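All values reported here derive from a predicted model rather than from experimental measurement.
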Amino acid sequence: MSMTPRERIISAMKLEELDRPPVAIFTQAATISQMDKIGAAWPEAHKSAELMAKLGVGQADIFGFECVRAPFCLTAEAERLGCKVQVDKKDAAPMIKEHPFHFDPMMGEYDDPAKLLAPEEFIKSGRPAEAIKAMALMKKSHGENYALVAGNTGPFTLAGHMVSTENLVFGMMMAPEEVSKWTAAINPVVKAYTQALSDAGADVIQMSEPSASTDMLAPDMFEGASGMYIKDSLACVKDAFSVLHICGDTYPILDGMIATGVTGLSIEEKVNPAKATEKVKKRAALVGNVGSVRPLFQGTADEVKAAALECAKAGFSVISSGCGIATATPDANMKALVDTVKAFKR
């Protein structure tokens, strides 16, 4: 079956039968090796559309993965909304240092989310605007043959960045109505950014919502904390496929993730691949779930091959890392993932 990488990704998102699944990193994919070989590196590539686009195509141009993807972190939106963010390292992702709003469930003290930047203003400047421009640049350089994946941050996670994730999660138990005010206020910003990335050329919007993990919330909290908002800000995106990524053991919330209406689910290796496909039953495309720490970062090429084959045999739609790639991940392991999946036949 002769297909371009773009055609293979699009078919996988549509749950069409293929001779093999595509292999593509839908989460953060940049490594130090890519930065050095391409000549575009963090921290500058977080801030410049041109450098972001140049580095974003690295996974395809250097290793042969079947998509291109940018940006590279979950702090761009938070910075634009007022968080103090440290963006100064080549080998580590940006870090949030200060939250701009007060949210104290213990004292019953809450800032008004109405102070947030309006959605139409949000997308006009800062690093989100650079990411939007980067999509257009990547579309021009690689869009004919490769699917463009744009990453952004989920509403519950972004609300936590505004007021501190710890306070927001604590608020789910003590003042859920105040949490809802913040997530509801953030969601139009998330929706505007999601659509702007699509309008700029992205074929897939992969939204990361790590704070909705079962490591943070009880499974029965997912719908109220995050799912109901993702239905509007991600699943309803026009002219792009939607993929929801949540870290940790998502098995208890797979049904809830599907119920949001997204095209696909990106999940970590904490969920057994065969059990995941059995539960999902092709109600959504499954993306993952080769461990980004082990085997990709800390393991051997043979371990990467074994994990990739397990996902492919289980029936994942797209073989990818379970979460964002560590910047020091060895070239040999990245290449082993690509070579193994491209040699696989169903």
Side-chain angles (χ1 to χ4, degrees), residues 26-28 73-78 81 83 93 96 99 103 105 113 150-191 193-194 205-237 242-271 276 279-280 283-289 292 320-324:
F26 274 27
T27 51
Q28 195 299 109
C73 74
L74 300 182
T75 66
E77 300 99 314
L81 291 172
C83 286
I96 292 175
H99 311 285
F103 188 98
N152 68 354
T153 307
F156 186 72
T157 300
L158 185 53
H161 289 167
M162 295 296 98
V163 302
S164 126
T165 300
E166 182 180 358
N167 288 346
L168 199 72
V169 171
F170 195 41
M172 284 295 296
M173 294 173 282
M174 295 193 65
E177 69 287 350
E178 296 294 337
V179 174
S180 295
K181 287 180 184 178
W182 269 96
T183 313
I186 283 283
N187 211 43
V189 172
V190 177
K191 183 175 183 177
Y193 187 35
T194 297
I205 309 298
Q206 180 266 304
M207 179 181 286
S208 293
E209 183 74 307
S211 296
S213 167
T214 57
D215 293 339
M216 308 281 281
L217 300 175
D220 62 3
M221 291 181 174
F222 172 74
E223 170 64 13
S226 175
M228 62 185 288
Y229 302 102
I230 286 169
K231 290 175 184 177
D232 181 54
S233 57
L234 176 61
C236 291
V237 64
S242 52
V243 173
L244 174 60
H245 175 81
I246 298 181
C247 304
D249 181 6
T250 50
Y251 189 82
I253 59 172
L254 287 176
D255 286 334
M257 293 171 70
I258 293 168
T260 64
V262 296
T263 309
L265 314 180
S266 171
I267 62 175
E268 284 193 349
E269 68 281 2
K270 290 184 179 180
V271 185
K279 187 168 186 177
V280 171
R283 291 176 290 163
L286 273 172
V287 179
N289 66 342
S292 56
S320 184
S321 57
C323 198

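- The shortest distance between side-chain heavy atoms of His245 and Phe26 does not fall below 4.5 Å.
- Counting heavy atoms from C-beta on, the side chains of Asp249 and Val271 come closer than 4.5 Å.
- A heavy-atom distance below 4.5 Å is found between the side chains of Phe156 and Val179.
- Here the side chain of Thr183 pairs no donor or acceptor atom with the backbone of Ser180 at under 3.5 angstrom.
- With Leu265 as the partner, the side chain to side chain contact (heavy atoms under 4.5 Å, CB included) test is satisfied by one option alone out of Leu286, Ile246, Thr250: Leu286.
- With hydrogens and angles disregarded, a donor-acceptor distance shorter than 3.5 Å links the side chain of Lys279 to the backbone of Tyr251.
- Contact of the Met172 side chain with the Pro105 side chain is not registered, since no non-hydrogen atoms from C-beta on lie closer than 4.5 Å.
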Distance-only criterion, 3.5 Å: show the donor-acceptor pairs between side-chain atoms of residues 217-229 and protein atoms not counting sequence neighbours.
unit_1, atom_1, unit_2, atom_2, d
Glu223, OE2, Lys231, NZ, 3.1
Ser226, OG, Glu209, OE2, 2.7

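- The shortest side-chain heavy-atom distance between Met207 and Ser233 falls under the 4.5 Å cut-off.
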- Apply side-chain contact (heavy atoms from CB on, under 4.5 Å) to Lys270 and Asn289, showing your working. CA-CA 8 Å; Lys270 290 184 179 180; Asn289 66 342; over 6 Å; no

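- Screening Ser208, Ser320, Ser266, Ser321 against Thr27 for a side chain to side chain donor-acceptor pair (under 3.5 Å) leaves a single residue, Ser321.
- Partner of Val262 under the side chain to side chain contact (heavy atoms under 4.5 Å, CB included) criterion, out of Val243, Ile205, Leu244: Leu244 alone.
- Taking CD1 of Ile186 as the start and NZ of Lys191 as the end, the distance is 15.5 Å to the nearest 0.5 Å.
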